[in-house]
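Worksheet for the structure shown next.
Proteins come first, then strands; the chains are lettered A, B, ... in the order of their sequence lines, and each starts at number 1. These numbers come from the heavy atoms of this one structure, side chains and all, not from hydrogens, waters or symmetry mates.
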Number of protein chains: 2
Amino acid sequence: MKISTKGRYALRIMLDLAQNSKGEYIPLKDISSRQGITIKYMEQIVPMLTKAGLIRSLRGNNGGYMLSRQPEEYTIGEILRCAEGSLAPIACLEDETNQCPRSESCKTLAFWQGMRDVIYEYADGRTLKDLL
Amino acid sequence: MKISTKGRYALRIMLDLAQNSKGEYIPLKDISSRQGITIKYMEQIVPMLTKAGLIRSLRGNNGGYMLSRQPEEYTIGEILRCAEGSLAPIACLEDETNQCPRSESCKTLAFWQGMRDVIYEYADGRTLKDLL
DNA sequence: TATAATACCTACTAAAGAGGTATGAATTAA
DNA sequence: TTAATTCATACCTCTTTAGTAGGTATTATA
């Protein structure tokens with residue numbers, strides 16, 4: 001029951017961008033020196049955020065990344081789901097295809113749905129700005 | 001961010017014991033046929049519950065397992081922690097020894113603490129009886 | 001137009017965890 | 001004595017985690 005480094009680092013990267021944005025693109029080198037995460041590992045995480053439209057990128061000299069919205073317009077939940085894939089505590093709850101054959105009679109399913117709900121409510125009820 | 005089979009099965013085993021208890025010890029064979037979990041795999045999970053005192057065991061012929069308390073006296077949280085080890089979403093929150101060197105200035109730590117709290121409140125606020 | 005700095009892409013790897021099986025020993029009611 | 005059971009330990013395969021490595025494409029700037 002752990003959030004992986006992908007999710008944790010993604011959140012720190014987004015926070016770093018929010019804190020250091022001055023309208024310019026910020027290179028991974030800068031984020032790396034502030035956050036102590038290797039550039040090479042971030043290069044694996046950041047494209048997930050770019051493809052989802054959470055951040056904008058510019059290649060080449062003076063390139064880098066910047067937020068594409070205001071900090072208060074990001075929920076933590078959407079950032080984590082982007083990097084982690086899902087925040088559901090069991091696979092049955094992720095989508096229709098993962099439902100197990102016992103779901104009809106499963107006495108634990110409602111419990112897990114409730115747990116998922118409190119996690120989502122919590123994570124989607126907070127924005128990047130709240131963490132600044 | 002997933003509960004493993006250990007935790008999920010532990011909960012189902014506890015529920016099965018609660019539903020089928022008639023003051024006698026229930027062998028894994030019976031639980032296996034009802035729950036569709038192999039005896040051999042349960043033999044790995046159940047000792048965690050026994051050692052923690054959540055259930056009582058009797059070896060030998062006519063042996064098996066039974067709850068050591070009433071269903072309403074178990075929180076789901078304690079059952080899951082017993083099998084999963086911890087429900088904390090990040091390792092930093094498990095105990096003192098896991099704290100990372102950035103904890104002082106970490107802007108995400110409070111967020112994770114809050115997430116841990118809602119998970120614990122939810123899981124500790126429900127008992128086995130609630131799931132019956 | 002050359003250059004340096006950057007994002008982007010694709011492999012690769014070592015270690016750990018997940019999800020089991022297998023074998024056999026100890027215990028106990030009937 | 002026997003059959004049924006828990007208990008203990010080792011083993012196995014697959015996937016995930018947490019990175020590292022090397023090279024390519026792009027771009028502002030000198």
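Along DNA chain C, the stretch of nucleotides lying under 4.0 Å from any heavy atom of chain A spans, 5' to 3', C:dA4 to C:dC9.
Proximity of A:T38 to the phosphate of D:dT20: a side-chain N or O atom is located under 4.0 Å from OP1 or OP2. Residue A:Y9 places at least one side-chain N or O closer than 4.0 Å to OP1 or OP2 of D:dG19. Phosphate contact (OP1/OP2 of D:dA18, side-chain N/O of A:K6, threshold under 4.0 Å): absent.
The separation between A:Y25 atom OH and D:dT29 atom C1' is 17 Å, rounded to whole Å. A:E84 has its CD atom 13 Å from the C1' atom of D:dA18, to the nearest Å. Residue A:I37 contributes atom CD1, which lies 16 Å from atom C1' of D:dT20 at whole-angstrom precision. The separation between B:M42 atom CE and D:dC7 atom P is 13 Å, rounded to whole Å. Computed from coordinates, the A:Y41 OH to D:dT16 P distance equals 14 Å when rounded to whole Å.
The backbone N or O of A:F111 sits less than 3.5 Å from a side-chain atom of B:Y122, completing a donor-acceptor pair.
Shown for residues 13-22 of chain A: no residue has heavy atoms falling under 4.0 angstrom of DNA chain D.
Put simply, the side chain of B:K6 reaches to within 4.5 Å of the side chain of B:M48, judged on heavy atoms. Two residues are said to be in side-chain contact when any heavy atoms from C-beta on lie closer than 4.5 Å; B:I37 and B:R8 fail this criterion. Side-chain atoms of B:V118 and A:E121, non-hydrogen and from C-beta on, never get closer than 4.5 Å to each other. Two residues are said to be in side-chain contact when any heavy atoms from C-beta on lie closer than 4.5 Å; B:Q35 and B:I13 fail this criterion. For the pair A:L54 and A:R69, the minimum side-chain heavy-atom distance is below 4.5 Å.
Residue B:P47 is classed as having no contact, given no heavy-atom separation below 4.0 Å to the nucleic acid. Within the 4.0 angstrom heavy-atom criterion, only backbone atoms of the sugar-phosphate kind lie near A:Y65; the bases stay farther away.
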Would you mind building the protein contact string for nucleotides 21-28 of chain D? One character per nucleotide, 5' to 3', B for base within reach (heavy atoms under 4.0 Å), S for sugar-phosphate only, - for untouched. BBB-BBBB
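A:E43 has a carboxylate O that lies under 4.0 Å from a charged side-chain N of A:K40, or vice versa, which qualifies the two as a salt bridge.
The heavy-atom pair separating A:W112 from B:I3 by the smallest distance is CZ3-CG1, 3.7 Å. Scanning both residues, B:A123 and B:L87, for their nearest heavy atoms gives CB-CD1, 4.2 Å. Across every non-hydrogen atom of A:T127 and A:E72, the tightest pair is CG2-O, 3.4 Å. Here the shortest heavy-atom pairing between B:M42 and B:P47 reads O-CD, 4.1 Å.
Residue whose closest nucleotide on DNA chain C sits further toward the 5' end, between A:M1 and A:I39: A:I39.
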